[in-house]
Amino acid sequence: MELLTFFEWLESSMLGQAAKSYGGVYAMFQSAHLFSMALLGGTVLLTDLRLLGVLFRDVPSNVVADNAHKWFKVALAIILGTGVFMVAGVAIKCYHNSFFWYKMTALATGIAFVFAVKRPLLNQDHELLKPWILKSVAIASILVWFTVAATGRWIGFS
Amino acid sequence: MTNDTYTAEESGMSKVEMIAAGTSAAIIVVGAIFWIIQIRGVMEMLELAYG
Amino acid sequence: MINELLLNFAEWLGSQPSSQNLIGSFYMWNWIESTHVLTLMVFLGMLFVIDLRMLGLTLTNVPATKVNDRLNIPMIIGFAIMITTGFILYYANPVHETQSIWFRFKVVLLVAAGINAWLFHRALKASSGSWDMDALAPKRLRIGAALSLGLWTLVIIMGRLMAYDWFDCDKPQGAFINWAVGCNIQ
């Protein structure tokens, strides 16, 4: 039950109290969260659709992937920052919400996948890599980030 | 950056490629199972509600 | 007068059985709403990349018009899904949204963003070629891209605020809200 203690502490912390008390501020954080979700999704799709050969076939996929990754990192940073604030306001509710945990699992998977697997692979010359591996990575990436967003939306519904 | 993974050509897959293929396959399989379970859960619920 | 017309129309729309079924359906409404929100990643995701390219902040070594032309297709697909689900969501709860100050701001901002997009594409067509390989687009296009980022950010904010009930008509509201959304019409 240590984890629950942490969520109780988070909700009673200054951050949690601020998130609870100021509805307007909370809404702005949610909006920033959505804005960066759009940016993150855009950069993920840009890279993955290029790897799948749907977009920008005549632009080297290394170029597309490297450019997209820069903004992916910006989007991820805003998403994490605003996300912590959003959780803080309803921490105990989140603790008891199964979709919150699905989302966190998918998010942890997504981040680990990007930085430990996808980037080390895409840092190499894509011409020398097997196309089917690049395509599998793209499908896995779209699936994992879709899951993060979809389970995230469902936190509010369940 | 070392380029020891560039030996791919004849030996088939480099280490980075193998890791990428393995994790991608795992994510796709687990993701598919997760969504199938979710969809089936909803379908059962709707069947209970509307017959 | 206009508020009355809008409200009458919304009440008629909301009295349709399919509208009432939709708002009463947990899964159907949530799926449509989720589709609406998640498609932000396709529509605004692509748009942001185009805007950032014009501002010289990404893909600077790819011709700007190429970025625009290629990403337009997924962007328009995303937009079509968003506008369709958006209309359905309005149809599910027309009276409430008609009397929502945030919804009204959102519609105005959508129109502004639409005009900006139209002007942007006109300017892009008129200027085609000459600067394509430059990192930065000409000033007019940069302003259009920045406006696009700003306006769509405001649209997101208004969309998010629609879920908050501070200015709902079932609470006593001040003169401005009554004037702006017509809470006092009976």
Side-chain angles (χ1 to χ4, degrees), chain A residues 22-50 54-72 74-75 78-79 82 86 99 142 145-158, chain C residues 26-53 55-63 66-67 69-75 77-78 82 102 106 135 149-150 152-167:
Chain A
Y22 306 108
V25 176
Y26 198 77
M28 290 309 123
F29 272 80
Q30 290 178 315
S31 302
H33 200 69
L34 286 174
F35 172 92
S36 36
M37 175 197 81
L39 185 58
L40 182 137
T43 60
V44 166
L45 280 176
L46 190 65
T47 307
D48 295 339
L49 292 180
R50 173 62 189 90
V54 177
L55 275 178
F56 285 129
R57 266 188 247 207
D58 52 352
V59 179
S61 63
N62 279 87
V63 170
V64 175
D66 292 352
N67 275 286
H69 188 60
K70 284 186 196 126
W71 285 98
F72 171 87
V74 172
I78 307 175
I79 283 203
T82 52
M86 285 160 66
F99 278 90
I142 289 176
W145 292 109
F146 167 77
T147 305
V148 173
T151 50
R153 186 63 201 95
W154 218 263
I155 295 173
F157 291 144
S158 49
Chain C
F26 176 77
Y27 283 113
M28 199 44 100
W29 193 89
N30 285 0
W31 281 332
I32 293 170
E33 208 273 354
S34 301
T35 307
H36 189 67
V37 175
L38 294 190
T39 311
L40 274 175
M41 297 192 286
V42 183
F43 169 54
L44 284 192
M46 295 298 124
L47 184 67
F48 286 169
V49 176
I50 297 174
D51 289 339
L52 290 172
R53 170 63 186 89
L55 295 169
L57 295 171
T58 196
L59 292 169
T60 42
N61 41 4
V62 181
K66 186 188 265 189
V67 173
D69 294 348
R70 302 293 172 78
L71 297 188
N72 246 341
I73 302 156
M75 185 186 81
I77 295 172
M82 290 207 79
W102 307 121
K106 185 172 176 177
L149 283 170
W152 286 108
T153 305
L154 289 173
V155 170
I156 294 180
I157 293 175
M158 294 309 143
R160 188 53 251 180
L161 285 171
M162 278 166 65
Y164 289 84
D165 61 359
W166 310 315
F167 301 115

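In what follows, chains carry the letters A, B, and so on, assigned in the order in which the sequence lines appear, proteins first and then strands, with residues in each chain numbered from 1.
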Contacting region of A:Leu55 [heavy-atom separation from chain C under 4.5 Å]: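 When you check distances to chain C, only side chain atoms of A:Leu55 fall under 4.5 Å.
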
Side chain, backbone, both or neither: which part of A:Val59 has an atom under 4.5 Å from a heavy atom of chain C?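 Contact with chain C involves the side chain of A:Val59 alone.
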
Report yes or no: does C:Arg53 contribute a side-chain atom to a donor-acceptor pair with the main-chain N or O of C:Ala135 at less than 3.5 Å?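 Confirmed, C:Arg53 side chain pairs with C:Ala135 backbone.
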
Do side-chain atoms of A:Trp154 reach the backbone of A:Ala149 as a donor and acceptor pair under 3.5 angstrom?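 Here the side-chain-to-backbone pair does not exist.
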
Could you tell me which portion of [X] (side chain, backbone, both or neither) has an atom closer than 4.5 angstrom to a non-hydrogen atom of chain A?
| X | result |
| --- | --- |
| C:Ile156 | both |
| C:Val62 | side chain |
| C:Phe26 | side chain |
| C:Leu57 | both |
| C:Val42 | both |

Nearest-0.5 Å distance, CZ of residue A:Arg50 to OG of residue A:Ser61: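 Here the interatomic distance stands at 4.5 Å.
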
To the nearest 0.5 Å, tell me how far C:Leu40 CG sits from C:Thr35 OG1.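 It is 11.5 Å, given to the nearest 0.5 Å.
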
Find the one option among C:Ile73, C:Leu44, C:Thr153, C:Val49 whose heavy-atom pairs under 4.5 Å with chain A are most numerous.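 Result: the option with the highest number of such pairs is C:Thr153.
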
Hey, which of C:Thr58, C:Leu59, C:Asn30 has the most heavy atom pairs under 4.5 Å with chain A?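 Ranked by contacts with chain A, first place is C:Asn30.
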
Quick one: which of A:Leu49, A:Leu40, A:Leu46 has the most heavy-atom pairs under 4.5 Å with chain C, could you say?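 Of the options given, most contacts go to A:Leu46.
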
Report the option among A:Ser31, A:Gly41, A:Gly42 that has the most heavy-atom pairs separated by less than 4.5 Å from atoms of chain C.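 Counting heavy-atom pairs under 4.5 Å, the top option is A:Ser31.
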
Does the gap between the ring centers of [X] and [Y] come in under 6.0 Å?
| X | Y | answer |
| --- | --- | --- |
| C:Trp102 | C:Phe167 | yes |
| A:Phe72 | A:Trp145 | yes |
| C:Trp152 | C:Phe48 | no |

ring-ring contact (aromatic ring centres under 6.0 Å, His included) evaluation trace for A:Phe157 with A:Phe99: CA-CA 9 Å; A:Phe157 291 144; A:Phe99 278 90; 9.6 Å; no

